[in-house]
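Following: one structure in structure tokens, then a few remarks.
The figures here come from the full heavy-atom set of this structure, side chains too, leaving out hydrogens, waters and symmetry mates. The chains referred to below are lettered A, B, ... by the order of the sequence lines, with proteins before strands, and numbering in each begins at 1. Quantities reported herein were computed from a predicted structural model and do not represent experimental measurements.
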There are 2 protein chains.
Amino acid sequence: MAREKVGIRDVAKLAGVSPATVSRVLNRPELVAERLRDQVHRAMARLGYAPNALARGLRTRHTGVLGLIVPDIAHPFFAEVVRGVEDVASREGYRVFLCNTDENPDKEEKYVAELLNHRVEGIIFISSSNSRAQLTSSSDVPVVVVDRRVSLDDLHEVLCDDVLGGRLATEHLLSLEHRHLAFLGGPQVIPNNADRLRGCREALAQAQLALDQALVAEVLVRVEAGERATEQLLDTGRYFSALFAANDLLAIGAVRALRARGLEVPGDVSVVGYDDVWFAAHLSPPLTTVAQPKRELGERAMQRLLALVRGQAPPERLVRMLPALVVRQSTAPPRHK
Amino acid sequence: MAREKVGIRDVAKLAGVSPATVSRVLNRPELVAERLRDQVHRAMARLGYAPNALARGLRTRHTGVLGLIVPDIAHPFFAEVVRGVEDVASREGYRVFLCNTDENPDKEEKYVAELLNHRVEGIIFISSSNSRAQLTSSSDVPVVVVDRRVSLDDLHEVLCDDVLGGRLATEHLLSLEHRHLAFLGGPQVIPNNADRLRGCREALAQAQLALDQALVAEVLVRVEAGERATEQLLDTGRYFSALFAANDLLAIGAVRALRARGLEVPGDVSVVGYDDVWFAAHLSPPLTTVAQPKRELGERAMQRLLALVRGQAPPERLVRMLPALVVRQSTAPPRHK
DNA sequence: GCGTAGTCTGAAATCGTTTTCTTGCAGGTA
DNA sequence: TACCTGCAAGAAAACGATTTCAGACTACGC
């Protein structure tokens, strides 16, 4: 039976060969005669040998470990992305370190340093709003940025087109004959949020319309904040028949606030969200929203990272994915013209 | 500026000292004279030295790395637990490997082996239903099991009392004067689910009541499955004024199914869920449910694991946490006696 | 019988640290 | 002056693998 610390040399001794041979059996079995190979295998089994990834990594500088930096794994959007990331990593024989930053640049910095100490071969990075991401680009491990754009042109990025997403949502509303929209979005310092607003504006402009600036709200991405902001929107007294909440969490808050004021969704106000987190379909009313390919975002990012690690990086640094409108029941034509 | 592979010896050379001294500066600074200490620090800064955790781990067998095995990080319950785990790990200077098993024992096995190869110092384990968890107990790294009980008495466990949870939910319903309950739970092979049912039965028995066996459903934990099962419950024609869905996801499905049949919640049927995943409060109606201290579950588990790693394990192997009923608006007294 | 090519295998250096064991040296005492 | 103490710093041996290089052996052809 296995008892602690069996090394390659123990195996070697038992099999009556040199450590070098054992190593070869592990890595280039075709180089060693079949008879010896069997002996070695038997010895490994008998001793319960487990290769030491640390030693191997030290020697070969191939650690089989990657880093994953994410604002908050408990957020349903990120959770899904992470799942995609981990899936392909493990399928390809890599392990990943999970790091939650809570959008805190200091934590990001510390984590990056720590990951580098552990000699990760690459890093997947979902940057926080005010990230000092240059840190990562200075080191010489490959980095792939996902979801959150970072203005650093030596990084590879896997992004979803938020401008398009904003357009899709808005065009949907327009096609239902809505003419008076309100916009509720997350912090505009995060480019994604700004892009969604821009997409919204573009679509409106194309229809010769414009957003009433008083009906544009910017808040933290939390249900309560969405609720609060929606109340304020209503309090302006300005009329709107539809609300584009550029995040499902905000949309939930918005729906609650509207209901609390006795307004029906979509009867009085249509609401469209953004992200299509998994339970958006299970809200009441089921939420019309712009779906991002969350898991695929993660998968693609990891594929790209592995390509980079293996030196097969495609020259094109940007993978742009497309959002898709999912029409459910929180949107309908406005009640009266 | 930093350029690849600076090691302790490069620093030593630049600082005009021996590698040993540099190492001491890193680990036991008090042992080296202040003047040298400064020189070394300066040299490290100049070279952009980053310690190699692999080498250190190899030498000291203290890797600062832990493993976290979980069925699915994208599940809102686990995501929250994981957050707790990672938080205290990182606060204590440890990194964690994230592993998703999809409840697949083969994957569990592979992951455990892989983690051991990487010389993790401990493992947090949320076992899958039919796990062959003995694997982990055979190795000599500490293991802490969370949430899912495992019948292996050399493992430490951090669990939530599901029997009590079942009682709480049921007693709440009873206190509202419900007398006819239906039960909708996850696979009974998972002890947690069985316990919740048991708690339910116990509470009923105490009130001289019993569950109608025809109104006990067991399904996979998915919204759709809950929906389907609820329809079947209704199709039995048996009367029930309240439904205990021993999982929030099932509860969501149940509510949908009830509504689809024209039944009001809680007007016609009260529904109580289990877990209190974060959006349970944002459903309509806001879901009455049994809350588990999810994040704390993870935190306690990690604290225990670290204690184990540091050899300060308390003798008591079991940490039992308490669920709490959260009354919201999906439950009410039955309409007519 | 000898040179040569071709297979396998082993010896030993190496990866970057930590740590034990020594040694050098300063200072205090007899 | 000689001796002991004690401290600070260095030399060198690990940790457990991989890999280069060279050696042993076989087989073959002339």
Using residues 299-310 of chain A as the side-chain source, report each donor-acceptor pair under 3.5 Å to any protein atom, sequence neighbours left out, with the distance given to one decimal.
residue: A/Arg304; atom: NH1; partner: A/His156; partner atom: ND1; Å: 2.9
residue: A/Arg304; atom: NH1; partner: A/Glu316; partner atom: O; Å: 2.9
residue: A/Arg310; atom: NH2; partner: A/Glu92; partner atom: OE1; Å: 3.1

What is the separation between atom [atom1] on [X] and atom [atom2] on [N], rounded to the nearest whole Å?
X: B/Arg61; N: C/dT19; atom1: CZ; atom2: P; answer: 12 Å
X: B/Leu54; N: C/dT18; atom1: CG; atom2: P; answer: 13 Å
X: A/Asn52; N: D/dA17; atom1: CG; atom2: C1'; answer: 7 Å
X: B/Leu58; N: D/dT18; atom1: CG; atom2: C1'; answer: 13 Å

* **Under-4.0 Å side-chain N/O to phosphate OP1/OP2 contact, A/Arg119 with C/dC15** =>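 Checking A/Arg119 against C/dC15: no side-chain N or O falls below 4.0 Å of OP1 or OP2.
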* Asked: Tell me, do B/Val32 and B/Gln39 make a side-chain contact under 4.5 Å, heavy atoms counted?
  ->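 When only atoms from C-beta onward are counted, B/Gln39 and B/Val32 do not touch, as no gap falls below 4.5 Å.
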* Asked: Heavy atoms, side chains only, cut-off 4.5 Å: are B/Glu121 and B/Tyr94 in contact?
  ->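 Answer yes - side chains close enough.
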* To do: Would you work out how much the helix from C/dG1-D/dC30 to C/dA30-D/dT1 bends between its ends, with each end axis defined by five base pairs, to 10 degrees?
  =>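 Inter-axis angle at the termini of the helix from C/dG1-D/dC30 to C/dA30-D/dT1: 70°.
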* To do: Taking only Lys NZ, Arg NE, NH1 and NH2, and the carboxylate oxygens of Asp or Glu, determine whether A/Asp87 and A/Arg295 approach each other closer than 4.0 Å.
  =>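 Answer for the salt bridge query: yes.
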* **Salt bridge present between B/Arg42 and B/Asp38 (N-O < 4.0 angstrom)** =>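 Judged by the 4.0 Å cut-off on N to carboxylate O distance, B/Arg42 and B/Asp38 do not form a salt bridge.
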Contacts under 3.5 angstrom, residues 13-23 of chain B side chains, donor-acceptor by atom type, not counting sequence neighbours:
residue: B/Ser18; atom: OG; partner: B/Ala20; partner atom: N; Å: 3.3
residue: B/Ser18; atom: OG; partner: B/Thr21; partner atom: N; Å: 3.3
residue: B/Ser18; atom: OG; partner: B/Thr21; partner atom: OG1; Å: 3.4
residue: B/Ser23; atom: OG; partner: B/Asn27; partner atom: ND2; Å: 3.3

* Asked: Per the atom types in the model, does the base of C/dT14 pair as donor or acceptor with the side chain of A/Arg59 at under 3.5 Å?
  ->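 Yes, the side chain and the base share a sub-3.5 Å donor-acceptor pair.
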* Where along residues 24-33 of chain B does a heavy atom fall under 4.0 Å from DNA chain C? ->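 Here the set is B/Arg24, B/Asn27.
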* Asked: Under 4.0 angstrom, heavy atoms only, what part of the nucleic acid is B/Leu36 near: base, sugar-phosphate, or nothing?
  ->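 B/Leu36: backbone/sugar contact only, no base atoms under 4.0 Å.
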* To do: Could you list the residues that satisfy salt bridge (charged side-chain N to carboxylate O under 4.0 Å, His left out) with A/Arg28, not counting sequence neighbours?
  =>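 Testing A/Arg28 for salt bridge (charged side-chain N to carboxylate O under 4.0 Å, His left out), a comparison that skips the adjacent residues, returns A/Glu30.
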* Where along residues 8-21 of chain A does a heavy atom come under 4.0 Å from DNA chain D, residue by residue in number order? ->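 Under 4.0 Å from DNA chain D: A/Ile8, A/Ala20.
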